[in-house]
Amino acid sequence: MSYQVRYTREAKEDIERLYAFLLERDIQSARRANIATAKAMKFLEDFPFACRKSSSDNPFFREMLIPFGNSGYVALFEIEDKKTVTILAIRHQREEDYY
């Protein structure tokens with residue numbers, strides 16, 4: 001079964017913010033980060049339940065680690081139904097938390 005991956009406005013803004021941060025420092029790293037994130041989202045299309053549960057009490061809120069460089073990113077998402085996964089937020093692993 002394949003899920004449709006959707007993004008909230010906040011998640012799209014997170015991606016733009018993370019990309020802009022890298023773009024100011026290293027264009028190649030920014031491109032590699034985009035590729036890593038896209039690859040991870042592709043994984044969610046088939047295996048959203050393989051990701052760890054978030055600290056929420058809702059078992060359908062999950063977090064996916066996205067390896068990149070020495071650390072990476074964490075995507076918070078919700079499995080909405082049998083067809084849809086919604087990305088709620090994305091942050092760098094060294095950031096405090098989702099905001």
**Study point:** Residues Leu65, Arg52; criterion side chain to side chain contact (heavy atoms under 4.5 Å, CB included); working and verdict
**Key:** CA-CA 9 Å; Leu65 299 177; Arg52 70 183 184 192; 3.8 Å; yes

Point to revise | For Glu24, all residues meeting side-chain contact (heavy atoms from CB on, under 4.5 Å), sequence neighbours excluded | key: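 Here no residue qualifies.
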
Taking the side chain as everything from C-beta on, heavy atoms only, tell me whether [X] gets closer than 4.5 Å to [Y].
{"X": "Leu23", "Y": "Ile27", "result": "yes"}
{"X": "Met41", "Y": "Ile66", "result": "yes"}
{"X": "Lys83", "Y": "Tyr3", "result": "no"}

Checking [X] now: which residues fulfil side chain to side chain donor-acceptor pair (under 3.5 Å) with it, not counting sequence neighbours?
{"X": "Thr84", "answer": "Asp81"}
{"X": "Asn34", "answer": "none"}
{"X": "Arg31", "answer": "none"}

Check your understanding: Quick check: are there more than 12 heavy atoms from other residues, nucleotides or ligands sitting under 6.0 Å from CG of Asp57?
Key ->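 Counting neighbours around CG of Asp57, 12 or fewer heavy atoms of other residues, nucleotides or ligands fall under 6.0 Å, so no.
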
What are the two closest non-hydrogen atoms of [X] and [Y], and how far apart are they?
{"X": "Ala89", "Y": "Ala11", "value": "N-CB, 4.0 Å"}
{"X": "Pro67", "Y": "Ala36", "value": "O-CB, 3.9 Å"}
{"X": "Glu63", "Y": "Ser54", "value": "CG-CB, 3.9 Å"}

Exercise for review: Using salt bridge (charged side-chain N to carboxylate O under 4.0 Å, His left out) as the criterion, list what pairs up with Lys42, not counting sequence neighbours.
Suggested key: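 With neighbours one apart ignored, the set is Glu45.
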
Check your understanding: salt bridge (charged side-chain N to carboxylate O under 4.0 Å, His left out) with Glu13: which residues, sequence neighbours excluded?
Key ->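 Counting only residues at least two positions away or on another chain, Glu13 forms a salt bridge (charged side-chain N to carboxylate O under 4.0 Å, His left out) with Arg9.
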
Give, for atom [atom1] of [X] and atom [atom2] of [Y], the distance between the pair rounded to the nearest 0.5 Å.
{"X": "Phe68", "Y": "Ser29", "atom1": "CZ", "atom2": "OG", "value": "5.0 Å"}
{"X": "Arg6", "Y": "Lys12", "atom1": "CZ", "atom2": "NZ", "value": "9.5 Å"}
{"X": "Ile87", "Y": "Arg62", "atom1": "CD1", "atom2": "CZ", "value": "13.0 Å"}

Exercise for review: Give the intermediate values and the outcome of side chain to side chain contact (heavy atoms under 4.5 Å, CB included) for residues Ile90 and Leu18.
Suggested key: CA-CA 9 Å; Ile90 299 177; Leu18 294 167; 3.7 Å; yes

Practice item. Determine, step by step, whether Arg91 and Asp14 satisfy the side chain to side chain contact (heavy atoms under 4.5 Å, CB included) criterion, reporting the C-alpha distance in whole Å, the side-chain angles of both residues, the deciding distance to 0.1 Å, and the verdict. Key: CA-CA 7 Å; Arg91 65 175 174 83; Asp14 288 340; over 6 Å; no

Output a table of donor-acceptor pairs, distance under 3.5 Å, between side-chain atoms of residues 70-80 and any protein atom two or more places apart or on a different chain; print 'none' if there are none.
from, atom 1, to, atom 2, distance (Å)
Ser71, OG, His92, NE2, 3.1
Glu80, OE2, Thr86, OG1, 3.0

Point to revise | Pairs involving residues 13-47, ordered by first then second residue, that meet ring pair (Phe, Tyr, Trp, His ring centres under 6.0 Å) (sequence neighbours left out) | key: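 Sorted result for residues 13-47: Phe43-Phe47.
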
Check your understanding: Yes or no on side chain to side chain contact (heavy atoms under 4.5 Å, CB included) for Ile15 and Tyr7, after CA distance, side-chain angles and deciding distance?
Key -> CA-CA 10 Å; Ile15 291 170; Tyr7 298 82; 3.8 Å; yes

